[in-house]
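For reference, the structure discussed in these notes is given below.
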Amino acid sequence: MADVAESDIDSAELISVMSDTSSGSVQAKGDDGASVQLVEYRSYSRRWAILLAVSLLNFSNAINWVTFAPIANHAAKVFDTSLGNVNMLAIVYMIASIPVGFVVCWLLDAMGLVIGLWSGAALNGVGSALRVIAVVHLTNGHGLFWLLMFGQSLCAVAQPFGLFPPTLVAAVWFPSDQRAIANMLASMANPVGVAVGMLIPPFIVSESSASAMTRLLWITCIPAGLNILCTLSVTRKAPPTPPSASAEDHSMTFVAGLKKLLRNRTYHFLVVAWGVGLGAFNVLITLLQQYLCPWGYEDRVAGVAGGIMCLAGLIGSGVTSWYVDKTKKFVLTLKVCFMGASLGLSWFAMVSSARNQEVLIYASLAFFGFFGYGLLPVCLELGVECTYPVAEATSAGILWLAGQVAGIVLVIVAQTDILQTNLTPDEIKYSACVMALPSNSTAAPVPPTNMTNSALMVAGIAAGMVAVFVLFFRSSYRRVAAENGLRVDGPLQRHF
């Protein structure tokens with residue numbers, strides 16, 4: 001818009017914008033009603049290849065994250081380690097993302113998308129290969145857990161390289177009426193990967209067998225390899241011509257953006273709500289099998305339940321992305337999704353300790369997944385809206401970091417002894433848990449415990465956060481206002 005003189009268009013005036021989402025020029029009506037040529041906006045077909053590269057990174061990385069969650073007991077036996085150490089294979093993702101996340105935010109801002117995606121694909125590919133080597137090279141009949149953890153850690157370092165770019169790719173490569181959909185497709189590749197990672201392992205590793213574990217880890221290498229091949233086609237960080245008005249504007253530098261975020265109370269509120277919500281999801285993914293197996297549910301039930309949750313979430317995120325792309329009602333949609341996700345989580349916490357209730361478990365997690373994943377692209381887009389012109393990768397990255405911090409805290413607290421009770425002899429008799437070996441394998445196996453209080457605690461924390469968020473959160477849409485020609489440094493409408 002800098003091409004137009006101030007006499008032609010008042011910068012504080014709402015401008016009538018007409019654009020072609022594929023290509024064409026954008027016009028604005030001045031005070032005299034005459035059309036004034038502004039700039040040509042265009043979207044390129046290569047944007048879909050870039051979106052595919054980001055999606056494959058998120059998909060393959062998520063499979064690696066949850067590979068051992070539905071078969072935790074078998075993994076403990078194959079690698080001759082404790083159940084707590086197996087849980088660390090998932091927790092390391094949350095731990096690594098905190099320091100690495102800040103580096104990724106800076107790297108995407110300073111060096112661009114190409115270096116970020118290439119780095120993520122390489123780390124994820126090497127980590128996947130090391131996981132295979134860890135189980136192929138057996139010592140005394142057991143896999144090398146330290147090598148497995150090293151490979152898993154490399155995959156964990158790769159995670160922010162996939163999670164942070166979707167809002168950036170959507171903003172830089174896609175027109176305004178496709179941004180939420182593009183963000184949804186790239187971001188939801190992560191939960192789709194989680195679904196695959198929860199569904200497949202129990203059907204391949206049905207017993208504590210090193211050969212079965214080897215087959216599983218070879219299979220998980222396939223999407224990582226495809227991601228590397230696809231990422232080689234990403235050679236530009238931005239299109240020659242921007243697809244929208246906001247894509248034409250230059251975002252703040254990483255440091256300047258962080259300073260602005262520190263002063264944005266609306267964003268602080270959103271970070272806390274998102275953090276608690278994502279933290280609760282991380283607990284569920286990490287401990288789902290351990291919540292269910294004491295009550296007679298085999299690993300396959302946990303795997304299917306996790307898969308149903310994620311697939312329902314894919315549908316939910318598609319619905320919410322389409323809706324906010326058309327209506328721009330980010331806040332209302334987000335509040336509805338938070339309430340639905342909280343109800344689903346509370347429902348699961350109440351039925352998870354009842355025997356022979358597979359249908360209710362599947363239904364509760366499908367309900368949670370539909371709304372929980374439905375809020376994911378909406379929250380990321382709202383983070384960009386309320387912080388514009390802060391760089392998209394920075395606002396999204398801080399949100400993901402908050403969720404990982406909350407996830408670490410909640411997963412650790414959820415496993416504390418104070419929230420677990422011993423099973424009665426009759427309950428142990430019906431339990432489907434494999435006795436877990438402690439770190440000192442010469443000691444007696446650790447019996448399974450009742451973790452119902454853990455699930456109820458997580459659901460209670462989430463419900464409290466949702467109540468506060470629904471009652472008090474409101475936000476302006478700064479990017480939408482800028483694209484409509486309004487000044488974003490003045491008073492804007494705040495949405496409840």
Side-chain angles (χ1 to χ4, degrees), residues 43-67 93 97 100 104 107-108 111-132 151-152 154-175 178-197 199-200 216-240 243 247 310-311 314 317-318 321 376-377 380 392-393 396-397 400:
S43 54
Y44 296 81
S45 58
R46 74 178 66 179
R47 70 189 186 276
W48 299 109
I50 296 172
L51 193 70
L52 178 61
V54 178
S55 301
L56 276 175
L57 177 55
N58 277 323
F59 174 74
S60 59
N61 189 262
I63 292 176
N64 290 340
W65 172 32
V66 300
T67 301
Y93 265 66
S97 67
V100 175
V104 173
L107 188 146
L108 290 173
M111 304 185 70
L113 187 66
V114 177
I115 298 298
L117 291 183
W118 284 32
S119 300
L123 287 166
N124 191 55
V126 173
S128 298
L130 290 178
R131 294 180 355 142
V132 174
Q152 188 80 352
L154 290 181
C155 295
V157 171
Q159 187 186 49
F161 289 95
L163 291 181
F164 294 8
T167 52
L168 174 62
V169 173
V172 173
W173 284 91
F174 285 79
Q178 295 178 2
R179 282 195 300 245
I181 290 293
N183 191 10
M184 181 274 293
L185 291 173
S187 299
M188 286 304 297
N190 179 272
V192 172
V194 170
V196 173
L199 280 169
I200 291 179
L216 172 64
L217 296 183
W218 269 117
I219 291 173
T220 62
C221 279
I222 296 174
L226 293 175
N227 171 233
I228 292 175
L229 294 176
C230 186
T231 303
L232 293 176
S233 66
V234 180
T235 57
R236 296 187 64 101
K237 67 178 182 180
C310 297
L311 293 177
L314 182 63
S317 65
S321 297
L376 190 153
L380 292 175
E392 294 83 5
W400 282 112

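What you find for Ala49 and Cys230 is that their closest heavy atoms are O-SG, 4.1 Å. Between Arg131 and Gly151, the shortest heavy-atom distance links the atoms CG-C, 4.2 Å. Listed here is the closest heavy atom pair of Cys310 and Val194: SG-CG1, 3.5 Å. The nearest pair of heavy atoms linking Leu51 to Ala186 is CD1-CB, 3.7 Å. Nearest approach of Val234 to Trp118, heavy atoms of both residues: O-NE1, 3.2 Å. Residue Pro175 comes nearest to Arg47 through the heavy atom pair CD-NE, 4.4 Å, listed as atom of the first residue, atom of the second, then distance.
Between the side chains of Ser233 and Arg46, not a single donor N or O lies within less than 3.5 Å of an accepting N or O. Ser321 and Asn183 share no donor-acceptor pair across their side chains, judged by distance under 3.5 Å alone. Judged by distance alone, the side chains of Ser187 and Asn58 never bring a donor and an acceptor atom under 3.5 Å apart. With hydrogens and angles left out, the side-chain atoms of Asn64 and Asn124 include a donor and acceptor closer than 3.5 Å.
With a 4.5 Å cut-off on side-chain heavy atoms, Val54 and Pro166 count as touching. A heavy-atom distance below 4.5 Å is not found between the side chains of Cys155 and Trp65. Leu57 has its side chain out of reach of Thr231: every pair of non-hydrogen atoms, C-beta onward, lies at least 4.5 Å apart. Ile115 places none of its side-chain heavy atoms less than 4.5 Å from the side chain of Lys237. Put simply, the side chain of Leu113 reaches to within 4.5 Å of the side chain of Pro165, judged on heavy atoms. Taking 4.5 Å as the limit, every side-chain heavy atom of Asn190 sits out of range of all side-chain heavy atoms of Phe59. In this structure, Val172 and Pro239 have side chains that are in contact, with non-hydrogen atoms separated by less than 4.5 Å. Contact of the Asn61 side chain with the Tyr93 side chain is registered, since non-hydrogen atoms from C-beta on lie closer than 4.5 Å.
With rounding to the nearest 0.5 Å, the separation of OG1 in Thr67 from CD1 in Ile219 is 10.5 Å. Between atom OG of residue Ser60 and atom CD1 of residue Ile228 there is a gap of 8.5 Å, rounded to the nearest 0.5 Å. For the atom pair CG of Leu52 and CG of Leu185, the computed distance is 10.5 Å after rounding to the nearest 0.5 Å. Here the CG-CE distance, from Leu314 to Met184, works out to 6.5 Å after rounding to the nearest 0.5 Å. Here Asn227 contributes atom CG and Leu232 contributes atom CG; the two are 9.5 Å apart, rounded to the nearest 0.5 Å.
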**Study point:** Criterion side chain to side chain contact (heavy atoms under 4.5 Å, CB included) on Val114 and Arg236, from CA distance to verdict
**Key:** CA-CA 6 Å; Val114 177; Arg236 296 187 64 101; 5.5 Å; no
**Study point:** Verdict with supporting geometry, Leu117 and Phe161, side chain to side chain contact (heavy atoms under 4.5 Å, CB included)
**Key:** CA-CA 6 Å; Leu117 291 183; Phe161 289 95; 5.9 Å; no
Review point. Hey, mind stepping through Trp400 and Gln159 against side chain to side chain contact (heavy atoms under 4.5 Å, CB included) and telling me if it holds?
Key: CA-CA 10 Å; Trp400 282 112; Gln159 187 186 49; over 6 Å; no
Practice item. Report the C-alpha separation of Ile181 and Phe174 in whole Å, then their side-chain angles, then the decisive distance to 0.1 Å, and conclude whether the side chain to side chain contact (heavy atoms under 4.5 Å, CB included) test is met. Key: CA-CA 10 Å; Ile181 290 293; Phe174 285 79; over 6 Å; no
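Residues that satisfy the ring pair (Phe, Tyr, Trp, His ring centres under 6.0 Å) test with Trp218, not counting sequence neighbours, are absent from this structure.
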